[in-house]
K.L.:
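Below: one structure in structure tokens.
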There are 2 protein chains.
Amino acid sequence: MDQLRALRYFVKVVETGSFTKAAAIFSVPPSSLSRRVADLENSLGATLLKRSTRVVNLTEVGESYYKQVSAILEQLEHTDEAVRSYQANPMGLLRISSMVGFGERILLPLMDEFSELYPQITLDISLSDELSTLSRDQVDIAIRGGYAPDERVYAIKLMDNRFVPVASPDYLARNGTPISALELKSHRGLYFKAPAGRMPWITEINGQWQDVSAAAVSISNNGRWLMDKAIAGQGILMMPRWVTQPFVLSGELVELALDPEVSITENPNFAIYLLYQKLRYQVPKVKAAVDFLVARVRASEHSGMD
Amino acid sequence: MDQLRALRYFVKVVETGSFTKAAAIFSVPPSSLSRRVADLENSLGATLLKRSTRVVNLTEVGESYYKQVSAILEQLEHTDEAVRSYQANPMGLLRISSMVGFGERILLPLMDEFSELYPQITLDISLSDELSTLSRDQVDIAIRGGYAPDERVYAIKLMDNRFVPVASPDYLARNGTPISALELKSHRGLYFKAPAGRMPWITEINGQWQDVSAAAVSISNNGRWLMDKAIAGQGILMMPRWVTQPFVLSGELVELALDPEVSITENPNFAIYLLYQKLRYQVPKVKAAVDFLVARVRASEHSGMD
DNA sequence: AATCTTTGTTGTCTATAAGGCACTAATGGT
DNA sequence: ACCATTAGTGCCTTATAGACAACAAAGATT
């Protein structure tokens, strides 16, 4: 038996004082209400209504049952309403996981703006270069460098993540400026370590990928520390352009233009992706954040960093 | 969609943290829960649970929805429980409507005892000789003098209601003691007035009903007042034996033994009936009162009044 | 790292329950 | 006393939930 339906019928019969009127409201024949209410009474083992062809009024039990049930139905209505408003308005807790470098440099400043736009959203941003599982973890949005979309995750390419080689002018003065990728082998290298391991320098020559890594001076997953070493002239560093950009502009570093381009991956789709759970997880807070991030990151890319 | 069922499923899945475990509790296949919860989510337009094959945990909305829904289900449980316990123990308000005379003389004293037996029952007794509608009025039990059972009302014959003629010894000494019913016409009469009108004295002679009413001294619907007049020797009074009995025993009145018996109705089924709504209206308080009244009235009839 | 087991989901069929409709009975008003 | 409205009931149709099997995926185990 659909108990809730029976309850709604019962309450409406009480309020209209008539099976017929109540039935009209639900657009079902009065017989349905009669049956449902009778079922309800049987299941309770009590008579709720005293019926006559002209008057329908409550028994004593019916009276108290009606009061409580109508209150319960109202609560249920409010609860559903709350869920729907949650679905309609961006609000609640938004969990974002981001790579450390991108997070510090780009994400956090942007999210300050975001907070002002959506004060009802509480931000929980964790920075880590570990692989985000996204499915199991309590994360709404993840930002990762990588290759391609995932299984049941939507991925939006936020910006290019091509690694470019840089060195300080003073290092180049001392060791010479390499022109060909093959020359790198005789240089000194500063290596960024992803969770998967040290990122090698590779280049494609005649369709063949070749490792052109220089001797390692330092390996770290801390981009800032590596940048400082590069600026100090300790070696050549491969880093994403959005990291090196400010230092190149200030003249502290020089971007090397090598003939066969050097890369750190064979996959041309290597970029920074914004990942979020599949479509059905499109709650407003997530949509708001996704739209905001995509718009603002691309804008900043064009204005000051590309 | 059976929303309530879906809610119960959802709550149980949350509490067990597993569709399979919850399904076992309801003794249905897990697929049913999966579908019902999915339906619920669709109808709300929100994802309540984040499922994986190993872990099921709540989304943010799901969390708040669960809290509220589980509280609501609990309330509903309590409400049903209340109705069922109401059915189990005689309690609540018991409304009785009774004829005035019977009420004052017999019912009220008995109901004092009843109150001690069932302290949880609140009594609401109204005395009136008006015809009780019972179906429309808010009455659980009605006690009326009359003839036969009604339509959909159960009637139990409480006691005989035969009217017998009485007079004071001093009246009879002054006016003579009638032997035949036909002699009554030359006497003085005190008449009880039912709502339908003055009750005539009639007698059946050779299958023919004849009016043998005496000249009216007083007519009233107040039995006590008429009794006083009869005791004062103002005339002959027809009253139910259960009314006259104490005065006959005390010698204040004498019951007349007339040859063709005098009556106030042609119908031999004239008696005092206890009426209550048909079987389905068998709440414990009503049952308790009916059983009590039937037992006690009949007992008192045998002991001191018959 | 590969395999295995558990678990949630999906497709298809069946059983059950609610709706629709015509009719009856009874109540309250005219 | 009659009439109209209204609740209840039988019978049929339609919608919805359950059963069973197969599948897919995520963790755990070795």
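Fair warning: this is a prediction, and the values are worked out from it, not measured in the lab. Below, read A as the first sequence line, B as the second, and so on, with proteins coming before strands; counting in each chain starts at 1.
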K.L.:
After noting the C-alpha distance and the side-chain angles of D124(A) and R95(A), does the key distance pass the salt bridge (charged side-chain N to carboxylate O under 4.0 Å, His left out) rule?
P.N.:
CA-CA 5 Å; D124(A) 175 355; R95(A) 284 155 298 215; 5.7 Å; no
K.L.:
Check whether any side-chain N or O of R51(B) sits under 4.0 Å from OP1 or OP2 of dA26(D), and answer yes or no.
P.N.:
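R51(B) to dA26(D) OP1/OP2: no side-chain N or O under 4.0 Å.
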K.L.:
Do F192(A) and I264(A) pass the side-chain contact (heavy atoms from CB on, under 4.5 Å) test, and can you show the C-alpha distance, the side-chain angles, and the key distance before you say yes or no?
P.N.:
CA-CA 10 Å; F192(A) 186 78; I264(A) 50 100; over 6 Å; no
K.L.:
Pick one: which of R5(B), R8(B), Q3(B) meets side-chain hydrogen bond (donor to acceptor under 3.5 Å, both in side chains) with Q3(A)?
P.N.:
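Exactly one candidate clears the test, R8(B).
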K.L.:
Per the side-chain contact (heavy atoms from CB on, under 4.5 Å) rule, which among I72(B), L76(B), L73(B) passes with L76(A)?
P.N.:
I72(B)
K.L.:
Does the side chain of R144(B) pick up a donor-acceptor pair with the side chain of S98(B) at under 3.5 Å?
P.N.:
no
K.L.:
Just to be sure I understand the geometry, which residues of residues 15-40 of chain B put a non-hydrogen atom under 4.0 Å away from DNA chain C?
P.N.:
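Contacting residues: S18(B), F19(B), T20(B), S31(B), S34(B), R35(B).
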K.L.:
Tell me the interatomic distance from L4(B), atom CG, to dA17(C), atom P, rounded to whole angstroms.
P.N.:
16 Å
K.L.:
Does L49(B) form a side-chain contact (heavy atoms from CB on, under 4.5 Å) with N57(B)? I'd like the steps, not just the answer.
P.N.:
CA-CA 6 Å; L49(B) 298 170; N57(B) 48 4; over 6 Å; no
K.L.:
Taking only nitrogen or oxygen atoms into account, show me every contact under 3.5 Å that the protein makes with nucleotides 13-16 of chain C, one pair per line with its distance.
P.N.:
none

K.L.:
Please give, in whole Å, the distance from dG8(C) C1' to K50(B) NZ?
P.N.:
16 Å
K.L.:
Using only side-chain N and O atoms of Y9(A), determine if any of them is under 4.0 Å from OP1 or OP2 of dG19(C).
P.N.:
yes
K.L.:
Between Q75(B) and Q75(A), is there a side-chain donor-acceptor contact under 3.5 Å, judged purely by atom types and distance?
P.N.:
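There is such a pair between these side chains.
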K.L.:
M1(A) has an atom CE; how far is it from atom C1' of dT16(D), in whole Å?
P.N.:
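Going from M1(A) (CE) to dT16(D) (C1'), I get 16 Å.
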K.L.:
Working note: E74(A) + K67(A), criterion salt bridge (charged side-chain N to carboxylate O under 4.0 Å, His left out); need CA distance, chi angles, decisive distance, verdict.
P.N.:
CA-CA 11 Å; E74(A) 210 170 317; K67(A) 279 182 188 154; over 6 Å; no
K.L.:
Between Y65(B) and D80(A), do the side chains contain a donor N or O and an acceptor N or O under 3.5 Å apart?
P.N.:
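The answer is yes; a qualifying pair exists.
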K.L.:
Among residues at least two apart in sequence or on other chains, which ones pass ring pair (Phe, Tyr, Trp, His ring centres under 6.0 Å) with F19(A)?
P.N.:
none
K.L.:
Send over the distance from Q3(A) CD to dA17(C) C1', rounded to a whole Å.
P.N.:
15 Å
K.L.:
Hey, are D39(B) and R35(B) close enough for a salt bridge, meaning a charged N less than 4.0 Å from a carboxylate O?
P.N.:
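So D39(B) does not pair with R35(B) through a salt bridge.
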K.L.:
Please round to 10 degrees the angle between the axis of the first five pairs and the axis of the last five pairs in the helix from dA1(C)-dT30(D) to dT30(C)-dA1(D).
P.N.:
40°
K.L.:
Would you give a per-nucleotide map of nucleotides 1-6 of chain C, 5' to 3', where B means the base has a protein non-hydrogen atom under 4.0 Å away, S means only the sugar-phosphate does, and - means neither?
P.N.:
----BB
K.L.:
Using only heavy-atom distances, determine whether the side chains of S213(B) and D211(B) contain a donor-acceptor pair under 3.5 Å.
P.N.:
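Side-chain D/A pair, S213(B) to D211(B): present.
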K.L.:
With sequence neighbours excluded, tell me which residues meet ring pair (Phe, Tyr, Trp, His ring centres under 6.0 Å) with Y191(A).
P.N.:
W201(A)
